[in-house]
Amino acid sequence: MKILLASSEIHPYSKSGGLADMVGALGKTLANLGHEVGIVTPLYIGIRERFPEIQPLRFDIRIELGTHWIEGKVWYLQGPSGERLYFIENSHYFNRSDYYTERGSDYPDNDARFIFFSKAVVFLAKNLPWQADIVHCHDWQTGLVPLFIRNSAKQGDWQNSPSTVLTIHNLAYQGVFPATSYALTNLPQDHFRFEEVEFYGQMNCLKAGIVFADLLTTVSPSYADEITTQEFGCALDPVIRIRKNDLHGILNGVDYTEWNTTQNTALHSPYNSENLEGKVANKQFLQQELGLPIRPEIPLLGNVGRLAEQKGIVICLAALETILVSDIQFVILGNGQPEFETAFLNLASRFPTKVAVRIGYNQGLAHRIEAGADFFLMPSRFEPCGLNQMYSLRYGTIPIVRATGGLNDTIIDSSEDEHRANGIKFHDYSAQKMTEAIQKALIIYSDFPRLSSYRKNGMVADFSWNHTASEYVRAYQKAKESARTAE
Ligand code: ADP
Ligand code: GLC
């Protein structure tokens, strides 16, 4: 099959979270399975310097954006598995210090930036020498693509237009802009109605994708159910319910060529499920790197992630206040909402021998925390899939999670299956329940045979991408069938 993936982030070229990991690994795996794969993404600042082999393509693009025409270039790179990467250059839109935000606020022209990007995706799908069967969009930044494609086909200027799939990685981010932004789409005004792009008087890019994609997926079976409910639906649940039969929950995979403990240059010592000595060495090294007392015997709790409300930071901070009375250490690497960054830095200054905080983005340290910690905290209020808990399992680091979305689908608690347990789950979103879950973890830590059983169960769990990518191929086939039936 010929598949064009479109995403605002792709690992290893750009990344702020799991979206980049997911699309990068999906593209690579589909190419390894023999499919023809293209990936379209913005050319952010620094990519050309880090990947000097990237080449400009000979054609330029000109995109109509409201009353203006915007120029762009396309850069090309062949990925390691043969996937073709197309980077859309427009220095005004993409040469910025961040992808989406500045000092905690969205860039005011995110509407123009990502409508431009979505139109560039469609331009490529139409003009590349190879014609994709499927255009697979990811999140709100490419949510308008299915509508642009459909509109173009309807106007009769695109025969055999590709079928479209939209993956929802996070319903909380929808790309909602003032009604006046709709003019930037140059679409007929009759799509700006409540059954389509209009959303409480504004325009909603993700909603457009939900309405117009031939098939929808999200990143875990539990989240697929959750987003049909009012509680998790972020006001789009009525639209999602209409398309419930076209929505598939496909659990993300893990790229074990990157996330492994045996061949990983970011780690101090290799280790595996048969021999965990290296894990103790990594723990000591991490304690040293972060300036904590080197005490391999005490439990070390870790966390890496975006500091956003979604991630359960509020209950995490409250639970730590109680749990830090015990002889433990806690380390966190993250960035995000300024008030959460400050709160963790304050915690570190109050508990300098127990808490280490690193604000920022650091891939190597993310691996070292996964490897050096004994437990990994993910108390998310909601979690579409979550990759860190799956990375933790492979690293022998026991996840402590709230039972929601992909966390619920990947972690087995002893109350579900004592012999297969690989983590600790709590249900209510409360500091009290999280504290109890950590206390349970500390009991397990002091019971070596039980600790070893949890670790082993986690390390042998297999979430490899081949299985996930095959599910996507099935979804692409379904999308083609449903597009044909709709014709
Ligand atoms: P989300 O996509 O919601 O942020 P995931 O668990 O799916 O959550 O994926 C997070 C990914 O981003 C992981 O690969 C994690 O290691 C990485 N990550 C998040 N924050 C940081 C950071 N500050 N430094 C390095 N890596 C980070
Ligand atoms: C989103 C979600 C996260 C998921 C990731 C990759 O960022 O918050 O749960 O793992 O996308 O699909």
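Side chains included, hydrogens not; waters and symmetry mates left out as well; all remaining heavy atoms used. Ligands are counted one by one from 1 in listed order, and the atoms in each one are counted from 1 as well. For clarity, every value in this text was computed on a predicted model and none was experimentally measured.
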Within the 4.0 Å heavy-atom shell around Gly386, which atoms of ligand 1 are there? 6 (O), 7 (O)

Sidechain N-carboxylate O distance under 4.0 Å for Glu370, Arg394: no

In this structure, does ligand 1 have an atom that sits under 4.0 Å from one of the heavy atoms of Lys15? yes

Can you tell whether the side chains of Glu309 and Arg381 come within less than 4.0 Å, N to carboxylate O? yes

Check each atom of ligand 2 against the heavy atoms of Asn252 and keep those under 4.0 Å away; list them by number with element. 6 (C), 10 (O), 12 (O)

Is a salt bridge present between Glu471 and Arg474, judged by a nitrogen-to-oxygen distance below 4.0 Å? no

Select the closest option to atom 4 (O) of ligand 1 among Gln389, Glu370, Arg306, judged by heavy-atom distance. Arg306

Could you tell me whether some N/O pair between Gly18 and ligand 1 is separated by less than 3.5 angstrom? yes

Students should be able to answer this: which protein heavy-atom is nearest to atom 19 (C) of ligand 1, and at what distance? Gly305 CA, 3.7 Å

Among all protein heavy atoms, pick out the one at the shortest distance from atom 9 (O) of ligand 2; state its residue, atom name and that distance to 0.1 Å. Glu383 OE2, 2.5 Å

Could you tell me whether Tyr391 and Trp259 have their ring centroids closer than 6.0 angstrom? yes

List ligand 2 atoms under 4.0 Å from Val219, heavy atoms only on the residue side. 12 (O)

Could you identify the single nearest non-hydrogen protein atom to atom 2 (C) of ligand 2 and state the distance to 0.1 Å? His169 O, 3.2 Å

The single option from Lys440, Lys425, Arg402 passing salt bridge (Lys or Arg N to Asp or Glu O under 4.0 Å) against Asp413: Lys440

In terms of residue, atom name and distance, what is the protein heavy atom nearest to atom 8 (O) of ligand 2? Gln310 NE2, 3.1 Å

Would a line drawn from the ring center of Tyr93 to the ring center of Phe116 be shorter than 6.0 Å? yes

Can you tell me how the ring of Phe114 sits relative to the ring of Phe94, calling it parallel under 30°, perpendicular over 60° and tilted otherwise? tilted

At a 4.0 Å threshold, what atoms of ligand 1 neighbour a non-hydrogen atom of Asp21? 13 (C), 14 (O)

Looking only at distance, does Cys385 have an N or O less than 3.5 Å from an N or O of ligand 2? yes

Asn362-ligand 1 polar pair, N/O distance under 3.5 Å: yes

For ligand 1, which atoms sit closer than 4.0 Å to a heavy atom of Tyr391? 13 (C), 14 (O)

Relative to the heavy atoms of Lys311, which atoms of ligand 1 are at a distance of less than 4.0 Å? 1 (P), 3 (O), 4 (O), 8 (O)

Starting from atom 27 (C) of ligand 1, find the nearest protein heavy-atom neighbour and note its residue, name and distance. Tyr361 CE1, 3.5 Å

If you have a sec, work out which protein heavy atom is nearest atom 23 (N) of ligand 1 and how many Å separate them, to one decimal? Gly360 O, 2.8 Å

Under 4.0 Å from a heavy atom of Asn170: which atoms of ligand 2 are those, numbered in the order shown and with their elements? 8 (O)

How far is atom 4 (C) of ligand 2 from the closest protein heavy atom, and which atom is that? Gly386 N, 3.6 Å

Residue portion contacting ligand 1 (non-hydrogen atoms closer than 4.0 Å) for Met22: neither

Salt bridge Arg350-Glu321, side-chain N to carboxylate O under 4.0 Å: yes

With a distance cut-off below 6.0 Å to the six-membered ring centre and an angular limit of 45° from the axis, does Arg96 pair with Tyr107 as a cation-pi contact? yes

Option with minimal heavy-atom separation from atom 13 (C) of ligand 1, where the choices are Val304, Asn388, Leu387: Asn388

Answer yes or no: does atom NZ of Lys433 have more than 12 heavy-atom neighbours from other residues, nucleotides or ligands under 6.0 Å? no

How about Phe51 and Trp75: are their ring centroids closer than 6.0 Å? no

Before accepting this row, confirm whether a basic side-chain N of the pair Asp374/Arg455 lies closer than 4.0 Å to the acidic partner's carboxylate O. yes

To the nearest 0.5 Å, how far apart are CD1 in Ile88 and OG1 in Thr41? 9.0 Å

Hey, which atoms in ligand 2 end up nearer than 4.0 Å to a heavy atom of Arg306? 8 (O)

Can you tell me how the ring of Tyr476 sits relative to the ring of His136, calling it parallel under 30°, perpendicular over 60° and tilted otherwise? perpendicular

Where's the contact between His169 and ligand 1, heavy-atom distance under 4.0 Å: side chain, backbone, both or neither? neither

Contact between Cys385 and ligand 1, counting heavy atoms under 4.0 Å? no

